[in-house]
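A, B, ... follow the sequence lines: proteins, then strands. Residue 1 opens every chain.
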Amino acid sequence: LPRQFTICSGGCRPIHPDIESLIGHRDGCLPLARTRAIASHLKACEACRVEYERLLEALQPQSDAGPAATSLADTAQLASLLANVRAWETARGGPEKLSPAVQDRVAEALQTYLGARGTGDVLLRVSPDGSDLLSVVEPVLGLFLGCKAASALVTHIVDRAIVRI
Amino acid sequence: VDHTPEPVSDSLLNELEREVAAAWQEYSPELLRYAASWTRSEQEAQDALQEVFLRYFVERTYGRRIENPRGWLYQVLRNHLMDRARTAAATREVPSDDLEWVPDNSRDPERKVQRSQLAAAVAAAVTDRELACLRLRSEGLCYEEIANRLGVRPGTVGALLSRVHRKLRPSVAGDGGGEEPLDLAEAIHYLFRGVQTHSS
(Lines give C-alpha, C1' and ligand atoms only; values in the text may rest on other atoms or scores of the structure.)
Protein backbone atom coordinates (compact mmCIF):
# COMPACT_ATOMS: atom_id res chain seq x y z
CA LEU A 1 0.00 0.00 0.00
CA PRO A 2 1.23 3.52 -0.70
CA ARG A 3 2.13 5.08 2.65
CA GLN A 4 0.27 8.25 1.87
CA PHE A 5 -3.11 6.50 2.07
CA THR A 6 -3.49 7.08 5.76
CA ILE A 7 -7.27 7.23 5.58
CA CYS A 8 -7.99 3.60 4.84
CA SER A 9 -10.82 1.14 5.07
CA GLY A 10 -9.72 -2.25 6.33
CA GLY A 11 -6.19 -1.57 5.09
CA CYS A 12 -7.05 -2.15 1.45
CA ARG A 13 -8.55 0.92 -0.19
CA PRO A 14 -8.33 4.63 0.50
CA ILE A 15 -11.48 6.29 1.80
CA HIS A 16 -11.82 9.67 0.18
CA PRO A 17 -12.57 12.50 2.59
CA ASP A 18 -16.13 13.77 2.22
CA ILE A 19 -16.87 17.34 1.30
CA GLU A 20 -17.55 18.35 4.90
CA SER A 21 -14.07 17.15 5.84
CA LEU A 22 -12.53 19.07 2.96
CA ILE A 23 -14.26 22.25 4.09
CA GLY A 24 -13.12 21.60 7.65
CA HIS A 25 -9.61 21.02 6.37
CA ARG A 26 -9.66 24.29 4.47
CA ASP A 27 -11.03 26.16 7.51
CA GLY A 28 -8.41 24.55 9.76
CA CYS A 29 -10.98 23.27 12.24
CA LEU A 30 -10.20 19.54 12.19
CA PRO A 31 -8.15 17.66 14.78
CA LEU A 32 -4.45 17.56 13.95
CA ALA A 33 -4.38 13.84 13.13
CA ARG A 34 -7.27 14.22 10.70
CA THR A 35 -5.69 17.31 9.14
CA ARG A 36 -2.48 15.38 8.50
CA ALA A 37 -4.37 12.39 7.12
CA ILE A 38 -6.32 14.58 4.70
CA ALA A 39 -3.20 16.50 3.66
CA SER A 40 -1.38 13.30 2.74
CA HIS A 41 -4.48 11.93 1.03
CA LEU A 42 -4.69 15.08 -1.08
CA LYS A 43 -1.06 14.67 -2.10
CA ALA A 44 -1.77 11.18 -3.38
CA CYS A 45 -5.28 11.43 -4.81
CA GLU A 46 -5.82 13.52 -7.93
CA ALA A 47 -9.63 13.28 -7.83
CA CYS A 48 -9.78 14.70 -4.31
CA ARG A 49 -7.23 17.34 -5.16
CA VAL A 50 -9.36 18.55 -8.05
CA GLU A 51 -12.40 18.58 -5.78
CA TYR A 52 -10.45 20.49 -3.15
CA GLU A 53 -9.31 23.08 -5.70
CA ARG A 54 -12.90 23.45 -6.82
CA LEU A 55 -13.90 24.12 -3.22
CA LEU A 56 -11.08 26.61 -2.68
CA GLU A 57 -12.23 28.56 -5.72
CA ALA A 58 -15.82 28.58 -4.48
CA LEU A 59 -14.90 29.60 -0.96
CA GLN A 60 -12.76 32.49 -2.12
CA PRO A 61 -14.81 35.72 -1.94
CA GLN A 62 -15.17 37.35 -5.35
CA SER A 63 -16.44 40.73 -6.39
CA ASP A 64 -17.13 40.44 -10.13
CA ALA A 65 -20.54 42.11 -9.89
CA GLY A 66 -21.22 45.19 -7.85
CA PRO A 67 -22.82 44.75 -4.43
CA ALA A 68 -26.11 46.29 -5.59
CA ALA A 69 -26.46 43.95 -8.58
CA THR A 70 -25.54 40.92 -6.47
CA SER A 71 -27.97 41.85 -3.76
CA LEU A 72 -30.80 42.34 -6.27
CA ALA A 73 -30.12 38.96 -7.89
CA ASP A 74 -29.95 37.32 -4.47
CA THR A 75 -33.27 38.81 -3.43
CA ALA A 76 -34.93 37.60 -6.63
CA GLN A 77 -33.51 34.10 -6.16
CA LEU A 78 -34.52 34.01 -2.51
CA ALA A 79 -38.05 35.12 -3.40
CA SER A 80 -38.17 32.35 -5.98
CA LEU A 81 -36.96 29.81 -3.40
CA LEU A 82 -39.62 30.86 -0.91
CA ALA A 83 -42.28 30.61 -3.62
CA ASN A 84 -41.10 27.04 -4.29
CA VAL A 85 -41.18 26.29 -0.58
CA ARG A 86 -44.78 27.48 -0.32
CA ALA A 87 -45.79 25.57 -3.43
CA TRP A 88 -44.37 22.44 -1.84
CA GLU A 89 -46.19 23.14 1.42
CA THR A 90 -49.45 23.58 -0.48
CA ALA A 91 -48.88 20.36 -2.41
CA ARG A 92 -48.36 18.33 0.73
CA GLY A 93 -51.72 19.53 2.04
CA GLY A 94 -50.76 21.64 5.01
CA PRO A 95 -48.65 21.05 8.08
CA GLU A 96 -51.37 19.79 10.44
CA LYS A 97 -51.19 16.08 9.76
CA LEU A 98 -48.70 13.63 8.28
CA SER A 99 -50.28 12.41 5.07
CA PRO A 100 -51.20 8.69 5.12
CA ALA A 101 -49.54 8.28 1.70
CA VAL A 102 -46.23 9.58 3.06
CA GLN A 103 -46.62 7.46 6.18
CA ASP A 104 -47.19 4.32 4.09
CA ARG A 105 -44.21 5.01 1.85
CA VAL A 106 -41.92 5.66 4.81
CA ALA A 107 -43.14 2.46 6.46
CA GLU A 108 -42.50 0.51 3.27
CA ALA A 109 -38.97 1.89 2.99
CA LEU A 110 -38.21 1.18 6.65
CA GLN A 111 -39.59 -2.37 6.75
CA THR A 112 -36.59 -3.71 4.85
CA TYR A 113 -34.37 -2.67 7.75
CA LEU A 114 -36.60 -2.81 10.81
CA GLY A 115 -39.21 -5.42 9.90
CA ALA A 116 -42.95 -4.79 10.03
CA ARG A 117 -43.20 -4.81 13.81
CA GLY A 118 -40.12 -2.68 14.41
CA THR A 119 -41.32 -0.19 11.82
CA GLY A 120 -44.74 -0.01 13.48
CA ASP A 121 -43.13 0.59 16.90
CA VAL A 122 -40.89 3.36 15.60
CA LEU A 123 -43.63 5.13 13.67
CA LEU A 124 -45.87 5.09 16.76
CA ARG A 125 -43.39 7.49 18.37
CA VAL A 126 -43.76 10.01 15.54
CA SER A 127 -46.01 12.99 16.26
CA PRO A 128 -49.27 13.22 14.24
CA ASP A 129 -47.99 16.14 12.16
CA GLY A 130 -44.79 14.25 11.25
CA SER A 131 -42.59 17.16 12.29
CA ASP A 132 -40.23 14.78 14.12
CA LEU A 133 -40.42 11.90 11.64
CA LEU A 134 -36.77 11.96 10.57
CA SER A 135 -35.40 12.82 14.00
CA VAL A 136 -37.20 9.77 15.42
CA VAL A 137 -36.21 7.39 12.63
CA GLU A 138 -32.56 8.35 12.13
CA PRO A 139 -31.24 7.58 15.64
CA VAL A 140 -32.96 4.18 15.61
CA LEU A 141 -31.33 3.28 12.30
CA GLY A 142 -28.05 4.68 13.60
CA LEU A 143 -28.05 2.23 16.51
CA PHE A 144 -27.28 -0.71 14.28
CA LEU A 145 -26.11 0.86 11.01
CA GLY A 146 -23.84 3.60 12.34
CA CYS A 147 -24.35 7.34 11.89
CA LYS A 148 -23.09 7.67 8.30
CA ALA A 149 -25.10 4.75 6.95
CA ALA A 150 -28.20 5.87 8.86
CA SER A 151 -27.84 9.35 7.42
CA ALA A 152 -27.52 7.97 3.89
CA LEU A 153 -30.53 5.74 4.43
CA VAL A 154 -32.66 8.61 5.70
CA THR A 155 -31.69 10.58 2.60
CA HIS A 156 -32.83 7.61 0.52
CA ILE A 157 -36.11 7.46 2.43
CA VAL A 158 -36.68 11.16 1.83
CA ASP A 159 -36.06 10.58 -1.90
CA ARG A 160 -38.46 7.66 -2.09
CA ALA A 161 -41.16 8.63 0.32
CA ILE A 162 -41.29 12.39 0.77
CA VAL A 163 -39.80 14.53 -1.99
CA ARG A 164 -41.98 13.09 -4.75
CA ILE A 165 -45.21 14.50 -3.25
CA VAL B 1 -42.58 47.78 -15.82
CA ASP B 2 -40.57 47.54 -12.63
CA HIS B 3 -39.13 44.06 -12.33
CA THR B 4 -37.48 44.76 -9.01
CA PRO B 5 -38.37 41.85 -6.73
CA GLU B 6 -40.40 42.56 -3.64
CA PRO B 7 -38.23 42.43 -0.54
CA VAL B 8 -39.07 39.36 1.47
CA SER B 9 -40.94 40.45 4.55
CA ASP B 10 -39.65 38.74 7.67
CA SER B 11 -43.05 38.70 9.31
CA LEU B 12 -44.47 36.52 6.51
CA LEU B 13 -42.00 33.75 7.08
CA ASN B 14 -42.47 30.96 9.54
CA GLU B 15 -39.58 29.71 11.61
CA LEU B 16 -38.29 27.16 9.11
CA GLU B 17 -38.63 29.54 6.21
CA ARG B 18 -36.57 32.03 8.18
CA GLU B 19 -33.95 29.35 8.79
CA VAL B 20 -33.79 28.53 5.07
CA ALA B 21 -33.66 32.22 4.15
CA ALA B 22 -30.80 32.78 6.61
CA ALA B 23 -28.90 29.80 5.22
CA TRP B 24 -29.52 31.10 1.71
CA GLN B 25 -28.15 34.51 2.54
CA GLU B 26 -25.11 33.09 4.25
CA TYR B 27 -24.13 30.28 1.90
CA SER B 28 -25.73 30.79 -1.52
CA PRO B 29 -22.91 32.93 -3.03
CA GLU B 30 -20.22 30.34 -2.41
CA LEU B 31 -22.53 27.44 -3.26
CA LEU B 32 -23.41 29.13 -6.53
CA ARG B 33 -19.73 29.46 -7.42
CA TYR B 34 -19.24 25.80 -6.55
CA ALA B 35 -22.25 24.74 -8.66
CA ALA B 36 -21.08 26.94 -11.54
CA SER B 37 -17.80 25.02 -11.66
CA TRP B 38 -19.83 21.89 -12.49
CA THR B 39 -22.38 23.26 -14.93
CA ARG B 40 -22.37 24.89 -18.35
CA SER B 41 -24.54 27.84 -17.46
CA GLU B 42 -25.35 30.01 -14.49
CA GLN B 43 -29.02 29.14 -14.90
CA GLU B 44 -28.25 25.44 -14.35
CA ALA B 45 -26.25 26.35 -11.28
CA GLN B 46 -29.11 28.49 -9.95
CA ASP B 47 -31.61 25.68 -10.56
CA ALA B 48 -29.39 23.26 -8.66
CA LEU B 49 -29.21 25.68 -5.76
CA GLN B 50 -32.98 26.06 -5.65
CA GLU B 51 -33.36 22.27 -5.56
CA VAL B 52 -30.89 21.88 -2.74
CA PHE B 53 -32.36 24.59 -0.53
CA LEU B 54 -35.87 23.24 -1.13
CA ARG B 55 -34.57 19.87 -0.10
CA TYR B 56 -33.13 21.45 3.04
CA PHE B 57 -36.54 22.89 3.86
CA VAL B 58 -38.31 19.57 3.22
CA GLU B 59 -35.96 17.60 5.44
CA ARG B 60 -36.12 20.16 8.24
CA THR B 61 -39.92 20.15 7.96
CA TYR B 62 -39.89 16.45 8.76
CA GLY B 63 -37.56 16.99 11.68
CA ARG B 64 -34.16 16.14 10.25
CA ARG B 65 -31.37 17.48 12.46
CA ILE B 66 -28.69 19.09 10.36
CA GLU B 67 -25.75 19.89 12.58
CA ASN B 68 -23.55 21.42 9.92
CA PRO B 69 -25.83 23.12 7.37
CA ARG B 70 -22.96 24.37 5.23
CA GLY B 71 -21.36 20.94 4.88
CA TRP B 72 -24.77 19.35 4.34
CA LEU B 73 -25.66 21.84 1.60
CA TYR B 74 -22.35 21.23 -0.19
CA GLN B 75 -22.77 17.47 0.04
CA VAL B 76 -26.34 17.47 -1.27
CA LEU B 77 -25.44 19.97 -3.99
CA ARG B 78 -22.53 17.83 -5.12
CA ASN B 79 -24.71 14.69 -5.22
CA HIS B 80 -27.37 16.57 -7.16
CA LEU B 81 -24.86 17.91 -9.70
CA MET B 82 -23.29 14.49 -10.15
CA ASP B 83 -26.71 12.92 -10.75
CA ARG B 84 -27.50 15.65 -13.26
CA ALA B 85 -24.20 15.12 -15.04
CA ARG B 86 -24.80 11.36 -15.22
CA THR B 87 -28.32 11.86 -16.57
CA ALA B 88 -27.10 14.37 -19.14
CA ALA B 89 -24.35 12.01 -20.26
CA ALA B 90 -26.86 9.19 -20.58
CA THR B 91 -29.31 11.24 -22.62
CA ARG B 92 -26.56 12.33 -25.04
CA GLU B 93 -25.75 8.73 -25.97
CA VAL B 94 -26.47 7.95 -29.59
CA PRO B 95 -27.52 4.39 -30.51
CA SER B 96 -25.05 2.96 -33.02
CA ASP B 97 -27.87 2.25 -35.51
CA ASP B 98 -28.54 5.98 -35.74
CA LEU B 99 -24.94 7.10 -36.21
CA GLU B 100 -25.42 7.95 -39.88
CA TRP B 101 -27.95 10.58 -38.82
CA VAL B 102 -25.56 12.44 -36.54
CA PRO B 103 -24.89 15.77 -38.27
CA ASP B 104 -21.32 16.80 -39.01
CA ASN B 105 -21.08 20.37 -37.72
CA SER B 106 -17.46 20.86 -38.69
CA ARG B 107 -18.32 22.15 -42.17
CA ASP B 108 -21.16 24.41 -41.16
CA PRO B 109 -20.05 27.97 -42.07
CA GLU B 110 -21.92 29.57 -39.18
CA ARG B 111 -20.22 27.17 -36.86
CA LYS B 112 -16.84 28.11 -38.35
CA VAL B 113 -17.47 31.79 -37.67
CA GLN B 114 -18.63 30.95 -34.17
CA ARG B 115 -15.43 29.00 -33.55
CA SER B 116 -13.09 31.67 -34.85
CA GLN B 117 -14.88 34.30 -32.73
CA LEU B 118 -14.62 32.02 -29.74
CA ALA B 119 -10.93 31.36 -30.36
CA ALA B 120 -10.24 35.09 -30.55
CA ALA B 121 -12.27 35.82 -27.42
CA VAL B 122 -10.65 33.08 -25.39
CA ALA B 123 -7.12 33.83 -26.56
CA ALA B 124 -7.69 37.37 -25.34
CA ALA B 125 -9.18 36.26 -22.02
CA VAL B 126 -6.69 33.66 -20.79
CA THR B 127 -3.16 34.21 -19.57
CA ASP B 128 -0.12 32.58 -21.21
CA ARG B 129 0.19 30.20 -18.31
CA GLU B 130 -3.47 29.15 -18.50
CA LEU B 131 -3.16 28.72 -22.25
CA ALA B 132 -0.08 26.50 -21.88
CA CYS B 133 -1.88 24.44 -19.27
CA LEU B 134 -4.99 24.04 -21.43
CA ARG B 135 -2.92 23.10 -24.46
CA LEU B 136 -1.12 20.32 -22.57
CA ARG B 137 -4.40 19.07 -21.16
CA SER B 138 -5.98 18.99 -24.60
CA GLU B 139 -3.00 16.90 -25.73
CA GLY B 140 -4.08 14.29 -23.20
CA LEU B 141 -1.54 14.88 -20.43
CA CYS B 142 -2.62 14.19 -16.83
CA TYR B 143 -2.31 16.81 -14.08
CA GLU B 144 0.94 15.31 -12.79
CA GLU B 145 2.55 15.45 -16.25
CA ILE B 146 1.35 19.01 -16.88
CA ALA B 147 2.69 20.05 -13.49
CA ASN B 148 6.10 18.55 -14.32
CA ARG B 149 6.22 20.28 -17.69
CA LEU B 150 5.25 23.67 -16.28
CA GLY B 151 7.20 23.33 -13.05
CA VAL B 152 4.18 23.88 -10.80
CA ARG B 153 2.23 21.82 -8.26
CA PRO B 154 -0.55 19.55 -9.59
CA GLY B 155 -3.03 21.49 -7.44
CA THR B 156 -2.09 24.63 -9.34
CA VAL B 157 -2.88 22.84 -12.60
CA GLY B 158 -6.37 22.06 -11.25
CA ALA B 159 -6.87 25.69 -10.27
CA LEU B 160 -5.63 27.00 -13.63
CA LEU B 161 -7.90 24.67 -15.60
CA SER B 162 -10.84 25.48 -13.40
CA ARG B 163 -10.27 29.19 -14.04
CA VAL B 164 -9.97 28.66 -17.79
CA HIS B 165 -13.17 26.65 -17.89
CA ARG B 166 -14.94 29.44 -16.06
CA LYS B 167 -13.71 31.93 -18.60
CA LEU B 168 -14.71 29.66 -21.48
CA ARG B 169 -18.14 28.85 -20.15
CA PRO B 170 -20.00 32.01 -21.16
CA SER B 171 -18.71 31.74 -24.73
CA VAL B 172 -19.41 28.02 -24.92
CA ALA B 173 -22.88 28.22 -23.39
CA GLY B 174 -24.15 30.51 -26.17
CA ASP B 175 -26.44 33.46 -25.75
CA GLY B 176 -29.63 31.53 -25.08
CA GLY B 177 -31.05 32.47 -28.46
CA GLY B 178 -31.94 28.90 -29.32
CA GLU B 179 -28.75 28.20 -31.20
CA GLU B 180 -26.98 24.97 -30.30
CA PRO B 181 -24.02 25.88 -28.06
CA LEU B 182 -20.49 24.77 -28.85
CA ASP B 183 -19.28 21.71 -27.01
CA LEU B 184 -16.41 22.54 -24.63
CA ALA B 185 -14.01 19.99 -26.14
CA GLU B 186 -14.84 21.29 -29.61
CA ALA B 187 -14.21 24.84 -28.45
CA ILE B 188 -10.83 23.95 -26.95
CA HIS B 189 -9.82 22.11 -30.12
CA TYR B 190 -10.64 25.14 -32.23
CA LEU B 191 -9.09 27.51 -29.76
CA PHE B 192 -5.69 25.93 -30.40
CA ARG B 193 -6.21 25.71 -34.12
CA GLY B 194 -7.09 29.39 -34.06
CA VAL B 195 -4.09 30.31 -31.92
CA GLN B 196 -1.71 28.25 -34.04
CA THR B 197 -3.02 29.75 -37.27
CA HIS B 198 -2.82 33.21 -35.79
CA SER B 199 0.76 32.80 -34.58
CA SER B 200 2.09 31.07 -37.73
Side-chain angles (χ1 to χ4, degrees), chain A residues 18-24 27 42-43 46 49-62 70 72-82 84-89 92 95 98 102 106 126-127 130-139 151 154-155 157-159 161-163 165, chain B residues 3-8 12-14 16-17 20-21 24-25 28-38 42 46 49-51 53-65 68 70-79 142-144 153-163 166:
Chain A
D18 61 19
I19 203 159
E20 286 191 41
S21 302
L22 290 177
I23 294 171
D27 293 343
L42 287 174
K43 273 186 194 157
E46 185 182 330
R49 213 161 44 235
V50 170
E51 185 59 28
Y52 189 57
E53 292 292 342
R54 208 191 274 272
L55 264 180
L56 291 182
E57 288 277 322
L59 294 170
Q60 202 171 345
Q62 291 173 358
T70 308
L72 192 64
D74 284 352
T75 310
Q77 289 296 330
L78 177 57
S80 163
L81 171 66
L82 292 172
N84 288 339
V85 158
R86 284 168 193 156
W88 179 82
E89 280 182 312
R92 85 174 177 127
L98 180 61
V102 170
V106 171
V126 174
S127 63
S131 62
D132 56 358
L133 174 68
L134 300 177
S135 58
V136 166
V137 166
E138 191 166 353
S151 172
V154 166
T155 298
I157 290 169
V158 172
D159 281 338
I162 295 176
V163 168
I165 294 173
Chain B
H3 290 292
T4 309
E6 288 287 319
V8 181
L12 292 175
L13 307 180
N14 68 34
L16 273 182
E17 287 176 347
V20 173
W24 174 275
Q25 276 160 348
S28 68
E30 63 184 69
L31 287 163
L32 184 61
R33 287 195 293 273
Y34 178 75
S37 71
W38 281 81
E42 189 172 335
Q46 286 284 8
L49 229 59
Q50 292 277 337
E51 287 286 330
F53 275 90
L54 180 60
R55 173 84 182 215
Y56 181 93
F57 178 82
V58 169
E59 298 208 13
R60 292 286 295 122
T61 299
Y62 283 101
R64 184 124 197 217
R65 293 191 190 114
N68 175 1
R70 189 193 196 191
W72 188 93
L73 288 164
Y74 267 103
Q75 188 65 59
V76 174
L77 178 61
R78 184 170 186 271
N79 292 345
C142 72
Y143 281 28
E144 209 79 47
R153 289 184 302 113
T156 310
V157 174
L160 285 170
L161 287 174
S162 160
R163 243 195 329 259
R166 251 205 333 271

Residue R78(B) versus chain A: region with a heavy atom under 4.5 Å: side chain
Interface moiety of I23(A) toward chain B, non-hydrogen atoms closer than 4.5 Å: side chain
Side chain / backbone / both / neither for N84(A) at chain B, heavy atoms under 4.5 Å: both
Contact check, side chains of R153(B) and T156(B), non-hydrogen atoms, under 4.5 Å: yes
All side-chain hydrogen bond (donor to acceptor under 3.5 Å, both in side chains) counterparts of Y74(B), not counting sequence neighbours: E30(B)
Donor + acceptor pair across side chains of D18(A), Q75(B) (<3.5 Å): no
Max heavy-atom pair count under 4.5 Å with chain B, selected residue of V136(A), V137(A), T155(A): T155(A)
Side-chain ion pair, R64(B) and E138(A), N-O less than 4.0 Å: yes
Contacts of type side chain to side chain contact (heavy atoms under 4.5 Å, CB included), residue T61(B), not counting sequence neighbours: W88(A), R92(A), L16(B), F57(B)
Residue among G155(B), S28(B), P29(B) with most heavy-atom pairs under 4.5 Å to chain A: G155(B)
Y34(B) vs I19(A) side-chain heavy atoms within contact, under 4.5 Å: yes
R55(B) versus chain A, the contacting section by heavy-atom distance below 4.5 Å: side chain
Under 4.5 Å from a heavy atom of chain B, the part of S127(A) involved: neither
Which portion of V50(A) sits near chain B, non-hydrogen atoms under 4.5 angstrom: side chain
Salt bridge (charged side-chain N to carboxylate O under 4.0 Å, His left out) assessment of R70(B) paired with D27(A): CA-CA 12 Å; R70(B) 189 193 196 191; D27(A) 293 343; 2.9 Å; yes
Part of S151(A) lying under 4.5 Å from any heavy atom of chain B: both
